[in-house]
Number of protein chains: 2
Amino acid sequence: MEFSTEFDARIGRGDVTLTERDVALLRAIDDHGSINAATATLGRSYSRGQQRIVELEEGFGDLVARKRGGSGGGGSHLTDLARELLNRYDQLSAEFSGIAETEETVLSGQVVDHDGELATVETAAGTVRALVHDDGTDTGARLTLRADAVTLQSPSRSPEGDRTSARNRLEGTVRTVDRGEPVALVTVDVADEVSLAALVTVTSVEKLGLDRGTPVVASFKATATRGVPVE
Amino acid sequence: MEFSTEFDARIGRGDVTLTERDVALLRAIDDHGSINAATATLGRSYSRGQQRIVELEEGFGDLVARKRGGSGGGGSHLTDLARELLNRYDQLSAEFSGIAETEETVLSGQVVDHDGELATVETAAGTVRALVHDDGTDTGARLTLRADAVTLQSPSRSPEGDRTSARNRLEGTVRTVDRGEPVALVTVDVADEVSLAALVTVTSVEKLGLDRGTPVVASFKATATRGVPVE
DNA sequence: TCCCGTTGTGCTACCAATGACACAACGAGA
DNA sequence: TCTCGTTGTGTCATTGGTAGCACAACGGGA
């Protein structure tokens, strides 16, 4: 069954939260130079738009410098704070949509150890360390491993007693290489019936000489793999 | 200024989307064995709850097996599909909240090259490859680098012409080590006035002998650093 | 055959967010 | 002093989602 994963990003402060709708309003003000023109082009009512700005400013501080009267009747422009908020919102959305869109592989396994948030999980592909939130009855867990968190390297150069903080290592062989334009999706067989997806740049594909059958080591940080308890 | 980053996770299919509210309803049905008891304990109306289930099932397929009449009057229980949906939702939430909570560092810089989504950005800390969405007027970009995507390694063992797909490398020295219980937040000075945050396990801190002043190499994948264009 | 608690369905009422509209206040420039 | 387009403020209407309620349908067991 095919799902689409979606999200709403919000930025909160005090008891107001900035939503996508608010961001659109601020952007329109920035574009048109007045609340009036902004609400008009958005097909929204001025009165409500103005009210909303006041509400937001009670939580965040000055966002819109407004002037009435004068030549042209006045106008409004965004404060530096508002611009910072918009940038922050863009970044947040970019990260969320990264998650919503990126391929991921799910590993199920048994929790054999639990130290705070850090769990050791036995999976079909080997034992993996991951962050698992709840720790009440730790029997099993489903780990989700995002393709952009997996780094690939040649087996020749990959010491066992490692000097890196990426301590989850799974050996395998490349199953498929799906070249997008600047990025490629590589799937790696790490056990019978278990394969990982890794998102790497095409230049990395070439540097590592990745092709069907190439032996590789997939490594990923414990702190980058999150899981939820099951059963 | 201190913000809180929030989100709503949703799973869509067709033209219905499963929200957190729906998840709560399904969970309550699973707990109590009937829609009636579920809506009652949630303080919601039966009629609306039942309607909502029908709406969801039009998009997703059978979620709640309902039986009326019989001993006890009947009852309801979740289908396997519903359970799968709930698991999927849990995983998605876990990933989103990981993003919302995790420390991150922002690098601003000039875009010097743009190949599809992959941009090369000159920052104060060095040149970095990252995924940047829009590519209309590529002047500057703000890259956000999540602490859980940064891996640390000792400089001794880190070949220049690398055999790994993590190609962004920044050398620096440890500024602070903030030990949480199983995970530690390490900040690394990589240039004047620029420091990165890395989230690693405490055992990695010990293995690498990280302490204030320790020279380290911070590396991260281009596909794990996302940016938004500015100006 | 009756009893019971559930599902299924339809109606009204309510609430919060929003739009629609009216009108005063403003202030630079003609 | 007048004009003009904007901000600021208030009132009323509309809308979408929900609760509240009533009542029929169901079917296993007493």
Side-chain angles (χ1 to χ4, degrees), chain A residues 6 8 10 12 15-79 82, chain B residues 6 8 10 12 15-79 82:
Chain A
E6 308 164 6
D8 282 334
R10 296 191 308 253
D15 44 358
V16 268
T17 68
L18 181 87
T19 68
E20 185 166 10
R21 191 176 164 84
D22 300 320
V23 169
L25 178 58
L26 293 178
R27 287 240 160 75
I29 293 174
D30 198 22
D31 288 344
H32 295 90
S34 83
I35 302 178
N36 206 332
T39 53
T41 59
L42 290 177
R44 289 158 62 177
S45 71
Y46 173 85
S47 63
R48 182 56 193 147
Q50 196 270 349
Q51 278 177 28
R52 182 57 183 164
I53 290 173
V54 172
E55 290 173 17
L56 290 174
E57 288 186 326
E58 282 172 6
F60 289 97
D62 286 352
L63 299 177
V64 180
R66 288 158 280 185
K67 194 186 80 179
R68 62 177 171 181
S71 67
S76 300
H77 63 270
L78 301 188
T79 64
Chain B
E6 307 165 8
D8 282 333
R10 296 192 309 252
D15 44 359
V16 268
T17 67
L18 182 87
T19 68
E20 185 165 12
R21 191 177 165 86
D22 300 320
V23 169
L25 178 58
L26 293 178
R27 287 243 159 75
I29 293 174
D30 197 23
D31 288 345
H32 296 89
S34 84
I35 303 178
N36 206 332
T39 52
T41 59
L42 290 178
R44 289 157 62 176
S45 73
Y46 173 85
S47 63
R48 180 60 194 145
Q50 195 271 348
Q51 277 176 27
R52 183 59 183 161
I53 291 173
V54 173
E55 290 173 15
L56 289 175
E57 288 185 327
E58 282 173 5
F60 289 97
D62 287 353
L63 298 177
V64 180
R66 288 157 281 186
K67 196 186 78 176
R68 62 177 171 182
S71 67
S76 299
H77 63 269
L78 300 188
T79 65

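Just so we're clear, the structure is a prediction, and the values are computed from it rather than from any experiment. Here is how names work: the chains are called A, B, and so on, in the same order as the sequence lines, proteins then strands, and each is numbered from 1. Just the heavy atoms: all of them, side chains too, but no hydrogens, waters or symmetry mates, feed the values below.
A:H77 has its side chain out of reach of A:D30: every pair of non-hydrogen atoms, C-beta onward, lies at least 4.5 Å apart. In this structure, the side chains of B:I29 and B:V64 come closer than 4.5 Å at one or more pairs of heavy atoms. In this structure the side chain of A:I53 reaches within 4.5 angstrom of the side chain of A:I35, judged on heavy atoms. Looking at A:L63 and A:L78, their side chains never come closer than 4.5 Å, going by heavy atoms from C-beta outward. In this structure, the side chains of A:V54 and A:L56 stay at 4.5 Å or more apart for every pair of heavy atoms. Inter-residue side-chain proximity for A:R52 and A:D22 is flagged as met; some heavy-atom pair is nearer than 4.5 Å.
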Can you build the contact string for nucleotides 22-30 of chain C? Use B for base contact, S for sugar-phosphate-only contact, and - for no protein heavy atom under 4.0 Å. ---BBBBS-
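Put simply, CD on B:E57 is 13 Å from P on C:dT7, counting in whole angstrom units. Distance, A:L25 CG to C:dT18 P: 11 Å, rounded to whole Å. If you take CZ of B:R52 and P of C:dT7, they are 18 Å apart, rounded to a whole angstrom.
Here B:S76 reaches the OP1 or OP2 of C:dT7: one of its side-chain N or O atoms lies under 4.0 Å away. Between A:Q50 and the phosphate of D:dG8, there is a side-chain N or O to OP1/OP2 separation shorter than 4.0 Å. Not one side-chain nitrogen or oxygen of A:R48 sits closer than 4.0 Å to the OP1 or OP2 atom of C:dA17.
A heavy atom lying under 4.0 Å from DNA chain D marks the following residues of residues 34-44 of chain B, by number: B:G43, B:R44.
Applying the salt bridge (Lys or Arg N to Asp or Glu O under 4.0 Å) rule to pairs touching residues 58-72 of chain A yields A:E57-A:R66, sequence neighbours excluded.
Atom CD of A:E20 sits in a sparse spot, with 12 or fewer heavy atoms from other residues, nucleotides or ligands closer than 6.0 Å.
Using a 4.0 Å heavy-atom cutoff across all strands shown, A:R21 reaches sugar-phosphate atoms only and no base atom.
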